[in-house]
Amino acid sequence: MIDIPEFSIMKEGVNYKYYIDGKWKNSNSGKLISVYNPYNSELVGNVQACTKEEVDNIIKIAHKNIECWRDTPLNERTNAINKAADLIVEFSEPLGYLLMKEIGKPLNSALSEITRTAEIFRATADSSFQLSGETILGDVFEGFSREKVSMTYRVPLGVILCIGPFNYPFNLTGSKIAPALLAGNSIVMKPPTQGPLTALHFGIILEKAGVPPGIFNIITGRGSEIGDYLTSHPGIDMIAFTGSSQTGKHLAKVAGMKPLLLELGGKDAAIVLDDADLDNTVKAIVSGAFSFSGQRCTAVKRVLPMPAIADDLLKKVTEETLKLSIGNPAENKKIGPLISSEQCEYVQSLIDDALKKGATLICGNKREGNVIWPTILDNVTVDMRIAWEEPFGPVLPFIRINSAEKAIEISNKSEYGLQGMIFTENIDLAFNIAQELEVGTVQINGQSSRGPDHFPFLGTKSSGLGTQGIKYSIEAMSRNKVVVINLSERGKLVKQCFTIDK
Ligand code: NAP
Ligand code: G3P
């Protein structure tokens, strides 16, 4: 990895600092949290374990500076966001490399996570028109005249707390930061403890892009130690969170009456009908299930095939899965490590449970270090945990079905409702099934996924609250401000109206 002089200020050796009011600081706790490469356990860096007092200070600073950014003309905020996009691209290689090391994502995917974030920044800047308002005249209701005029415009919410997950620590903090800044908010960002280092670089990037000190701040520390204190803090005006459903639900309880944008877990099911295009379906399922070793909320997490296609589908999916390269993310192997050994043990417990209850092992079920071989299970039944729980690992269960109704029933019985997929040549039927699925998005003949990033992205049930996506995030991070003018009768023009003689 190339050490970039611009970034040297944020760390001493491998010890990264936290970022408050434009300054990089060590925590008074004197404690550090180590970040290890999940593939080879090498130390990648240490971050500060910040204290509650430092949480208080950072929120105070973010508040103190609200007006300065809110009152900055929109075109200047837009310029800063565009400049940040340029800088993200400029530094994409070292950032991608660091990201690969800290979370074990294949190098090419890590690089695209960085460049995708730059694209989100640019598209957000291009969407500044979303902050325009409207004018409404009062005479729609009886008793009100056109002299009552409502003018609405969008104003920021205040201080936004942005919390990201380990699997997209740069992108899923960046996709919150850009709309929050565009809308004129100030920000406290808390990156995930397993993967905080790349996201810390937003401090330097935004400062160089012209975001004034105190508008963007970063606190580091374990969610289990400072999470509740942060989310329940009265100085936080809105929370944008991506992570597990468990943490999301807990957060919603402690946050109180704050607006929330929650992107949580999923158990996306691929319903494959008899007439599906087999090659296209196989490609979508293998890529959807196993990219980043299944550590994506939108991963294909269940296959529900109809009888006439099930055997061929299973055979072809297995053939393609066995071709996936396995090993070092630095060498771009398709299947790499899971984020931690605890996660590997959890995934193994789901495989063991299924096999004990009669599932058929088709391939995989092998582990070396934190790498689990892509595992396919056939004849999975609804009494098995893998039918319902989110593995966040490379395990793909086949639950054979014999009707579209059964597929809908099994899909909808899930506590999650992120995305669903239907593979068929019969678009009318696909559309009808899509109407029945209780999910945020239904993909027809394609794998579940979040992008492109201007599409609405949302989950029902335990999968989330609110809608992400450029336009929708800007909307969620701003509110209407309404000013009603009551014009006086004095200025009214007296008009001569024609009347028709009868
Ligand atoms: P996680 O364990 O829930 O952690 C997510 C973030 O929440 C981390 O920054 C974590 O900090 C923080 N956190 C933990 N406890 C907290 C608390 N009490 N208050 C406030 N913040 C707290 O999730 P993860 O393991 O990083 O990510 C995997 C999960 O996220 C999966 O379930 C996946 O489906 C979901 N996910 C969903 C989406 C989506 O868009 N729907 C996208 C990506 C991931 P620490 O790291 O310090 O604990
Ligand atoms: O798990 C992160 C979630 O947002 C998925 O994103 O682009 O991999 O579908 P994507």
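The structure displayed is predicted, hence computed values, not measured ones. Whatever order the structure lists ligands and atoms in, that order sets their numbers, starting from 1.
Within the structure, the closest approach of Tyr168 to ligand 1 does not fall below 4.0 Å when heavy atoms are considered. Ligand 1 lies within reach of Gly221, whose nearest heavy atom is under 4.0 Å from it. Ligand 1 is never approached by Gly464 to a heavy-atom distance shorter than 4.0 Å.
Aromatic ring orientation, Tyr19 versus Phe216: tilted (interplanar angle from 30° to 60°).
Atoms of ligand 2 found under 4.0 Å from any heavy atom of Arg116, numbered from 1 in the order shown, are 7 (O). Close approach of ligand 2 to Leu172 is summarised as follows: ligand atoms under 4.0 Å from at least one heavy atom of the residue are 2 (C), 4 (O).
Residue contacts with ligand 1: Gly223 is placed with a nitrogen or oxygen under 3.5 Å of a nitrogen or oxygen of the ligand (distance criterion only). In terms of polar-atom proximity, Thr231 is not counted as a contact of ligand 1, lacking any N or O under 3.5 Å from an N or O of the ligand. An N or O contact shorter than 3.5 Å is missing between Phe241 and ligand 1 by distance. Considering backbone and side-chain atoms alike, Glu390 places an N or O below 3.5 Å from some N or O of ligand 1. Considering backbone and side-chain N/O of Ser463, none are found under 3.5 Å from N/O of ligand 1.
Annotation for Arg385 and Leu350: closest pair NH2-CD2, 3.5 Å, computed over non-hydrogen atoms.
Judged by distance alone, with hydrogens and angles left aside, the side-chain atoms of Ser245 form a donor-acceptor pair with the main-chain N or O of Ser462 at under 3.5 Å.
Within 4.0 Å of atom 4 (O) of ligand 1, not a single protein heavy atom is present.
Ring centers of Phe457 and Tyr472: at least 6.0 Å apart, outside the cut-off.
With a heavy-atom cut-off of 4.0 Å, His250 touches ligand 1 through its side chain alone.
Using a 4.0 Å cut-off between charged side-chain N and carboxylate O, Lys60 and Asp56 make no salt bridge.
Among Gly248, Ser462, Gly164, the residue whose heavy atom sits closest to atom 6 (C) of ligand 1 is Gly164.
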